[in-house]
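Positions are given from 1 along the sequence. Note: hydrogens, waters and symmetry copies are ignored here, and every other heavy atom, side chains too, is used. We count ligands from 1, going down the list as the structure has it; atoms in each ligand are counted the same way.
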Amino acid sequence: MTQPNPSTAQARVIADELHRHGVDHVVISPGSRSGALAIAFDEHPGITTRVVLDERSAAFHALGRSRAGGAPTVALATSGTALANHLPAVVEADLSLIPLVLISADRPPNLLHVGANQTIEQEGIFGGKTRWSCTIPAAEIGLDLNAYWRTTVSQAVARARGHGARPGPVHLNVAFREPTVPIADDGRSRAEPYPFAIEGRPSGAPWQQHARARPGGARLSIEEGYGLVLAGEGDFDPVELKEAADRLLWPILATAASGLRGLDVVTTYHHLLVADVPPILRPDVVVTVGRVGPSDRVGSLTSLSVPQVQIDRWGAWNDPRRHSSHMIQADPAATLEHLVPAGDSRLLDSWLAADATMRSALDERLGGERRATGPSVARALGETDHDLLVTASSMPIRDVDAHFVGGARVIANRGASGIDGFVSTALGAASVGPRTMALAGDLSWLHDAGGLVVDELADVVFVVIDNGGGGLFDLLPQAEHAPAFERLFVAPHGLDLHRLGSAYNLEVSVIEDVDGLRSSLPARLGGGGAHVLVVPVDRETDLKARRALDDTARAVCAGLS
Ligand SMILES: Cc1ncc(C[n+]2csc(CCOP(=O)(O)OP(=O)(O)O)c2C)c(N)n1
């Protein structure tokens with residue numbers, strides 16, 4: 001076999017070493033300088049490539065896959081503003097601790113700082129938002145760089161997985177000389193063959209192995225008693241956490257993204273806390289695990305004058321209301337193992353009974369309503385058998401948190417709570433393979449319609465609540481007090497989402513009511529392909545439904561004793 005040119009050698013080594021570290025999926029946005037890597041990834045037999053035009057979408061696509069699958073995913077961008085478009089996904093990956101490898105192609109040093117076309121300062125462009133960033137210089141004919149390339153890739157993946165800090169995004173900025181196609185002479189530039197060996201370790205082993213000890217539990221100095229666990233999204237084993245809470249006879253209040261739904265946990269806390277904490281549900285200690293949201297009402301629990309313990313494996317400072325009395329970096333379940341169980345199951349029984357009463361009251365109210373609203377749509381999704389629900393920011397995640405009951409895993413980009421990158425996150429997540437539904441508002445959907453410009457769409461059923469703009473703002477003070485409220489905040493777009501979806505070659509249906517949604521979902525999910533179900537929702541009706549649900553909740557809480 002003839003030796004490759006230097007850029008091809010460098011690209012092949014990087015692709016191969018990434019694969020040895022578990023990377024099997026690369027999201028590529030087209031470009032010339034990144035060409036050698038695009039070709040090397042595509043030719044690697046163990047790597048699937050997906051081509052997404054818009055780099056902002058591409059990075060979210062990679063993020064969605066990493067979030068759903070756990071392994072680091074690569075997004076490849078060419079030089080210039082292409083790379084800058086990765087920033088929103090980097091921000092989300094940073095806050096959500098998602099392993100993500102951003103790779104950019106750069107110019108060799110002789111083309112930097114001299115006004116060369118499409119050339120910007122790329123090194124460290126994401127600042128402190130990456131766990132690690134590194135520029136790999138262009139390959140030199142006279143240097144044996146195999147071990148350098150491979151150890152650099154090893155370190156990048158290890159750091160993305162949390163080696164030395166916590167998981168998150170890393171950036172490899174890789175300079176290439178032309179030719180960036182696998183020949184010696186591309187008609188514009190010539191290169192001698194790269195003379196050194198480029199093989200990796202035998203038997204497909206990575207150049208460097210990484211391992212980390214699993215953290216144990218911390219011992220808390222608190223007065224114990226009737227405690228409860230408030231569980232959000234975090235790095236813990238849901239089953240172990242549940243077992244630990246069961247042993248203590250403590251209830252778990254589980255947010256939709258906690259991974260605990262489907263176990264015997266409290267899911268109606270948003271409504272149980274509609275007017276402060278009912279006296280019968282007051283704990284002696286609150287343990288918060290992971291990032292808890294989106295319901296603001298948990299603030300009434302975390303503001304109680306009892307020990308407020310925050311436990312996070314990576315030492316994240318999840319204390320938005322500044323209520324925590326203890327910040328613990330340890331494994332949450334193992335930490336609970338050190339505590340003494342409550343004297344009896346009084347608090348646990350009260351929460352579970354209140355939860356069951358509240359759920360049936362909410363169900364009864366929603367069950368009698370055929371018109372589609374955010375809550376009734378979220379409830380209907382929970383009734384359909386599927387594996388993964390990707391949920392957009394704004395009202396979808398709030399409605400799923402309050403009304404989605406079912407065993408499907410829920411994921412959402414709540415690190416920075418952006419409405420950007422949603423379509424791509426869902427497509428990336430669905431590429432992992434589970435039967436996937438994705439719930440969005442119309443603005444989130446439109447924001448990332450560019451994510452549909454992809455060479456192959458994963459199987460996913462998008463449910464888009466079309467309330468003609470941002471319904472969230474109806475619940476905020478702007479609705480009452482802001483001039484030009486509709487235009488400045490709701491931002492009605494007046495677009496026909498059916499036609500838009502068709503333009504992207506999607507199968508689109510408009511669904512008139514909740515029964516229509518219920519009956520449409522199973523066939524769409526089972527049939528494969530990408531579908532969009534547009535559900536028109538009237539904002540006034542939606543608002544009234546939410547108020548009625550809160551009235552129901554108040555009545556239930558008043559009856560708790
Ligand atoms: C990238 C980004 N831009 C702006 C916002 C502010 N924002 C929060 S919710 C929202 C409206 C979302 O509308 P839609 O997706 O239709 O959902 P709905 O509010 O109707 O549930 C906006 C603009 C944001 N969170 N992220």
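- Between the side chains of S104 and H171, at least one donor-acceptor pair of N or O atoms lies under 3.5 Å.
- Near L443, with a cut-off below 4.0 Å to any heavy atom, the atoms of ligand 1 are 13 (O), 14 (P), 15 (O), 16 (O).
- A donor-acceptor pair under 3.5 Å links the side-chain atoms of T425 to the main chain of G421, judged by distance alone.
- Protein heavy atom nearest atom 20 (O) of ligand 1, with residue, atom name and distance: G471 N, 2.8 Å.
- Listed by chain and residue number, R212, P215, D235 satisfy the side chain to side chain contact (heavy atoms under 4.5 Å, CB included) test with R313 (two or more places apart in sequence, or in another chain).
- Among all protein heavy atoms, the one lying closest to atom 16 (O) of ligand 1 is D442 OD1, 2.7 Å.
- Under 4.0 Å from ligand 1, the heavy atoms of F473 that appear belong solely to its side chain.
- Between D355 and T268, the side chains place a donor N or O and an acceptor N or O closer than 3.5 Å (distance only, hydrogens not considered).
- For the pair T436 (side chain) and P434 (backbone), a donor-acceptor distance under 3.5 Å is present.
- At least one heavy atom of G469 sits under 4.0 Å from some atom of ligand 1.
- Taking the six-membered ring where tryptophan is involved, the planes of F462 and F422 are perpendicular, since the angle between them exceeds 60° and thus also 30°.
- For atom 12 (C) of ligand 1, the nearest protein heavy atom (residue, atom name, distance) is S394 OG, 3.6 Å.
- Scored by the ring-ring contact (aromatic ring centres under 6.0 Å, His included) test, H271 finds H403 as partners (sequence neighbours excluded).
- Close approach of ligand 1 to M395 is summarised as follows: ligand atoms under 4.0 Å from at least one heavy atom of the residue are 21 (O).
- The shortest N or O to N or O distance between S444 and ligand 1 is below 3.5 Å.
- At distances below 3.5 Å, at least one donor-acceptor pair connects side-chain atoms of S295 with backbone N or O atoms of R297.
- For S417, every heavy-atom contact with ligand 1 shorter than 4.0 Å involves the backbone, none the side chain.
- Of the protein's heavy atoms, I419 CG1, 4.1 Å lies nearest to atom 5 (C) of ligand 1.
- Note: an N/O pair closer than 3.5 Å links N467 and ligand 1 by distance alone.
- Each of R409, R261, R67 was evaluated against E233; a single residue qualifies, R67, per the salt bridge (charged side-chain N to carboxylate O under 4.0 Å, His left out) test.
- Taken from CG in L533 to CG in D466, the straight-line distance is 13.0 Å, to the nearest 0.5 Å.
- Every atom of ligand 1 with a heavy atom of P396 under 4.0 Å away is listed here by number and element: 21 (O).
- Shown in contact with D420 at under 4.0 Å from a heavy atom are these atoms of ligand 1, numbered in order with element: 1 (C).
- For ligand 1, the polar-atom distance check finds no N/O of G418 at less than 3.5 Å from any of the ligand's N/O atoms.
- Residue contact annotation: A392 has no non-hydrogen atom under 4.0 Å from ligand 1.
- Near G470, the atoms of ligand 1 lying under 4.0 angstrom from a non-hydrogen atom of the residue are 11 (C), 13 (O), 19 (O), 20 (O).
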